[in-house]
Number of protein chains: 2
Amino acid sequence: MNGQQADEAVRTALSAEEEGIDFALIELLFFAYRDFTSDPDVILADYGFGRAHHRVLHFVNRRPGLTVAELLEVLRITKQSLARVLKQLIDAGHVVQVQGPRDRRQRELYPTAKGRALALALALPQSRRIRAALEEAGPADRAAIERFLKAMVDPDLRPQIDKRPRAGGGGREGK
Amino acid sequence: MNGQQADEAVRTALSAEEEGIDFALIELLFFAYRDFTSDPDVILADYGFGRAHHRVLHFVNRRPGLTVAELLEVLRITKQSLARVLKQLIDAGHVVQVQGPRDRRQRELYPTAKGRALALALALPQSRRIRAALEEAGPADRAAIERFLKAMVDPDLRPQIDKRPRAGGGGREGK
DNA sequence: AAATTATGTCAATATGACTGACATAAATTC
DNA sequence: GAATTTATGTCAGTCATATTGACATAATTT
């Protein structure tokens, strides 16, 4: 219930080690991401979906035709974790699977029109938040922010960032 | 297995709506945070702790003396979710509870020396990643990044960001 | 004295993740 | 052509983190 004097010593000793730690940005990243991800939750609840569904749908929409293996790499989860979520998205008609044209073992994933609509609806509030946050920022500021976030990603995983759908290929609707 | 023509139309139609969506920053935030949070996981595993423990320990360390209610507000979780994690941190000797001096119903939370050491060890790789990401950034860039992240937080929750321990008060070691 | 507040706790449940094992079909290698 | 590897799917069990709802206690406020 006391020990004020002894602690002061401990606190001082630790402060030296804490010097180099960038607590400011560590916390800002936490707070920013906390609220950034809170936006779509309300919409997802209407569909009985969670954040896992959001992540899957987002990347299927953004990289139509990506394979299950690619999706697992991007999300950094196991296939067992993906299984239920992906099945629910397929059953609900938001995502379709197509046998790979080159390698018929592969399953290419495509959003349906319904899936695209939901992906868009989920991205909208997040995009609005970003736009508002950049209100006062100039082009140079935006570039700096992008560079920083890109540099925060593991170097060996950075190729994932820019991967986009092969040009010319649209989505696929049905079976 | 086909439907290439029809889809093209759908894709074009949606592209118009997608115009305004800032997918670039949405994905950068996802990738940056994914890898940012992956750093401490290895250390946590040694202690049998998870990310929830990390978050609690971080804020107890950074805001020594904060109450249970304040912690719940910051983490945006329910007290039932906090209960087990907090109990484990207390049992393991990383956090101590002290009856509030003004309001004796409150429980002020403080890190022990052990807790501070662990909080620091967890912050270190994250701080290193941030430093590396800012390698090429100037002071103006850093300021822009901080402004952006701050602006991403819900306006009504922004006061949480700057809340820091009352000056003069150190940690508390034991009973 | 009554109401409210801060915290703790019990019980049940949901979500999202994990490991390990095994099955199938298709591609690759020998 | 047979054997191996690869991509995917699936079953079973488990764990971590979160939820809601209900109730208990002690201390503060009204």
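Every chain is numbered from 1 and lettered A, B, ... according to where its sequence line falls, protein lines coming before strand lines. The structure displayed is predicted, hence computed values, not measured ones.
OP1 and OP2 of dA16(D) both lie 4.0 Å or more from every side-chain N or O belonging to H53(B). In this structure, R107(B) does not reach the dA26(D) phosphate: none of its side-chain N or O atoms is under 4.0 Å from OP1 or OP2. Between S81(A) and the phosphate of dG16(C), there is no side-chain N or O to OP1/OP2 separation shorter than 4.0 Å. Look at T78(B) and you won't find any side-chain N or O under 4.0 angstrom from OP1 or OP2 of dA18(D). For the OP1/OP2 pair of dA25(C) and a distance below 4.0 Å, the side-chain nitrogens and oxygens of R104(A) include no atom meeting the criterion.
Base engagement by R84(B) is indicated by at least one non-hydrogen atom pair under 4.0 Å involving a base atom. Contacts of Q97(B) with the nucleic acid, taken as non-hydrogen atoms under 4.0 Å apart, involve only primed sugar atoms and P, OP1 or OP2.
H54(B) places its NE2 atom 18 Å from the P atom of dA16(D), with the value rounded to the nearest Å. Put simply, CG on D41(B) is 19 Å from P on dC15(D), counting in whole angstrom units. Remark: C1' of dG9(D) and CD1 of I77(A) are 15 Å apart, rounded to the nearest angstrom. Nucleotide dT5(C) holds its C1' atom 14 Å from the CD atom of E70(B), rounded to whole Å. At whole-Å resolution of the value, CG in L89(A) and C1' in dT15(C) are 14 Å apart. Remark: P of dT7(C) and CG of L82(B) are 10 Å apart, rounded to the nearest angstrom. Rounded to an integer number of Å, the gap from NZ of K87(B) to P of dT7(C) is 18 Å. In this structure, the CD atom of Q106(B) is 14 Å from the C1' atom of dT29(D), given to the nearest Å.
Annotation: side chain of H53(B) is not in contact with side chain of Y47(B) (no heavy-atom distance under 4.5 Å). With contacts defined as side-chain heavy-atom distances shorter than 4.5 Å, the pair I90(A)/V96(A) does not qualify.
Atom CD of E73(A) has 12 or fewer heavy atoms from other residues, nucleotides or ligands within 6.0 Å.
Each of G50(A) and A69(B) was assigned the nucleotide of DNA chain C with the nearest heavy atom; the assignment lying further toward the 5' end belongs to A69(B). Between V85(B) and K79(A), the residue whose closest nucleotide on DNA chain D is further toward the 5' end is K79(A).
With hydrogens and angles left out, the side chain of R105(A) and the base of dT8(D) share no donor-acceptor pair within 3.5 Å. Side-chain to base pairing of Q80(A) with dG9(D): no donor and acceptor N or O lie closer than 3.5 Å to each other.
Remark: the R34(A) side chain and the Q160(B) side chain contain an N/O donor-acceptor pair separated by less than 3.5 Å.
With sequence neighbours excluded, no residue satisfies side chain to side chain donor-acceptor pair (under 3.5 Å) with Q97(B).
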